[in-house]
Amino acid sequence: MIKVNDNFCKLPGSYLFSEVARRVGAYSEAHPEAKIIRMGIGDVTLPLCPSAIAAMHAAIDELTRRDTFHGYGPETGYDFLREAIAKNDYGLRGVSIELDEIFINDGAKSDTGNIGDILSHDCRIAVTDPVYPVYVDTNVMAGRAGNLEKSGCWSNIIYLPCSIENGFVPSLPQEHPDAIYLCYPNNPTGTSLSRKELTKWVEYAITNNVLLLFDSAYEAYITDGDTPHSIYEIPGAKKVAIEFRSYSKTAGFTGVRCGYTVVPKELEGRDRDGNVIGLNGLWRRRQTTKFNGASYISQRGAAALYSDSGKKEVAENIKYYMDNAKMILNSVMGLGLQAVGGVNAPYVWVKTPDGMSSWEFFDLLLEKFQIVGTPGVGFGPSGEGYFRFSAFSTREATMQAMNRIKNI
Ligand code: PLP
């Protein structure tokens with residue numbers, strides 16, 4: 001008999017996106033003439049920027065010649081990219097990160113999902129709620145989550161609700177977690193944490209021996225001066241935090257696949273005998289065993305984003321999406337709806353009107369306006385009664401969608 005990992009069987013199916021697809025499919029079939037606008041996607045719509053394209057073309061040319069061919073690269077990434085990261089993403093912000101603290105990957109989803117490999121089986125996990133589902137589901141797979149309760153919460157996970165009531169700023173946990181996932185700027189709420197707030201979390205983690213798993217996949221969208229781009233801008237964070245970054249939303253690399261994780265050498269844990277163990281070494285061991293490196297081509301493309309032209313092109317693309325976000329935010333607020341996000345992140349999180357559930361609001365938008373968004377409840381129990389609009393559609397589609405809402 002083939003014995004499977006029972007933990008996987010605990011996971012409900014991907015209810016959210018399959019249900020979205022089912023409802024949109026049924027509507028299209030009944031109304032074949034309807035021009036549906038999709039604003040639920042987390043994928044980008046602009047093509048790659050010219051600097052990255054040129055660098056990747058050049059990389060392919062290198063691979064065509066025997067004398068410049070590259071086979072397996074270093075599992076943790078090429079130095080040309082790690083140097084650019086250390087200098088631009090950290091050095092320019094006054095943070096010193098060494099090259100062997102940077103691990104290049106094929107995108108942040110892999111590492112935010114895989115990081116649990118180096119944590120003890122009985123680590124207690126905390127998540128903000130609503131949340132990027134990968135953090136919860138991978139801990140279910142690892143057997144850390146307990147059982148799914150009727151409330152939609154997993155019995156062993158500590159949930160930190162974020163809602164209009166607390167201004168989407170999570171409170172420190174009442175129970176003691178071993179690791180906390182923080183995603184700022186946040187998907188799905190589009191909110192960010194101020195320097196003061198983030199400092200509170202770092203200090204809590206230092207005092208209570210808690211690991212912070214800080215996902216800053218959307219840091220490039222930060223527009224205000226009071227929101228840290230990296231958790232390492234907060235003093236002491238290198239002792240308690242791992243940071244995940246991605247080029248997906250920054251530079252349209254959702255299909256190219258490249259990102260990185262920073263595991264500082266100061267970060268230490270203990271084994272069951274109480275011996276001090278460096279997390280950097282553990283993660284290196286994990287990566288060199290289970291991962292053979294991101295492709296040379298994508299790493300060359302990522303490195304080109306740090307050139308003067310690359311930086312300018314990335315900034316233009318981000319402005320394009322953030323102009324969409326501004327338009328969405330203004331439109332929904334103009335309708336009298338309560339909404340957050342859209343300032344430091346490409347998502348606008350809207351409170352549904354008149355106590356409607358997330359799915360009732362989804363149906364209303366689809367049926368009356370032919371607009372598809374994402375029901376907030378799909379991101380966790382505290383997402384019920386909310387709805388996510390993505391700013392990653394084209395300008396035309398975003399304008400059209402907002403016009404539809406305004407006109408009716
Ligand atoms: N982290 C967050 C919060 C995300 O929203 C996403 C993608 O939507 C990812 C990570 C994954 O990004 P990547 O494409 O780098 O795997």
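Every number for a ligand or one of its atoms is a count from 1 in the order of the listing.
Considering backbone and side-chain N/O of Thr254, none are found under 3.5 Å from N/O of ligand 1. Taking any N or O of Asp106, backbone or side chain, none lies under 3.5 Å from an N or O belonging to ligand 1. Annotation: Ser246 places an N or O atom under 3.5 Å from an N or O atom of ligand 1; distance criterion only. Ligand 1 has no nitrogen or oxygen under 3.5 angstrom from a nitrogen or oxygen of Tyr347.
Here Lys200 pairs with Glu197 in a salt bridge; the nearest charged N to carboxylate O distance falls below 4.0 Å. The pair Asp308-Lys312 does not meet the salt-bridge criterion, since no charged nitrogen lies less than 4.0 angstrom from a carboxylate oxygen.
Asp215 OD2, 2.6 Å is the protein heavy atom nearest to atom 1 (N) of ligand 1. Considering only non-hydrogen protein atoms, atom 9 (C) of ligand 1 sits nearest to Tyr132 OH, 3.2 Å.
Checked against Tyr218 for a ring-ring contact (aromatic ring centres under 6.0 Å, His included), the options Tyr347, Tyr132, Tyr184 give a single hit: Tyr347.
Using bins of under 30°, 30° to 60° and over 60° for the plane-to-plane angle, the ring pair Tyr306/Tyr247 lands in the perpendicular bin. Using cut-offs of 30° and 60° for the angle between ring planes, the Tyr221 and Tyr321 rings count as tilted.
In the candidate list Ser248, Cys258, Gly259, Ala345, Ser248 is nearest to atom 14 (O) of ligand 1, counting heavy atoms. Scanning Arg245, Lys109, Lys249 for the heavy atom closest to atom 7 (C) of ligand 1 points to Lys249.
Side-chain contact annotation: Arg285 with Thr289, donor-acceptor N/O pair under 3.5 Å present. In this model, no donor atom of one side chain and acceptor atom of the other lie less than 3.5 Å apart for Arg245 and Thr250.
If you number the atoms of ligand 1 from 1 as listed, the ones under 4.0 Å from a heavy atom of Gly107 come out as 15 (O), 16 (O). Less than 4.0 angstrom separates some heavy atom of Cys183 from each of these atoms of ligand 1: 3 (C).
In this structure, Tyr247 does not count as a contact residue of ligand 1, since none of its heavy atoms falls inside 4.0 Å of the ligand. Distances from ligand 1 to the non-hydrogen atoms of Gly42 include no value under 4.0 Å.
Here the OG atom belonging to Ser192 is positioned 6.5 Å from the CD1 atom belonging to Ile222, to the nearest 0.5 angstrom.
Taking the six-membered ring for Trp and the full ring otherwise, the centers of Phe291 and Phe103 sit at least 6.0 Å from each other.
Neither the backbone nor the side chain of Phe244 comes within 4.0 Å of ligand 1, counting heavy atoms alone.
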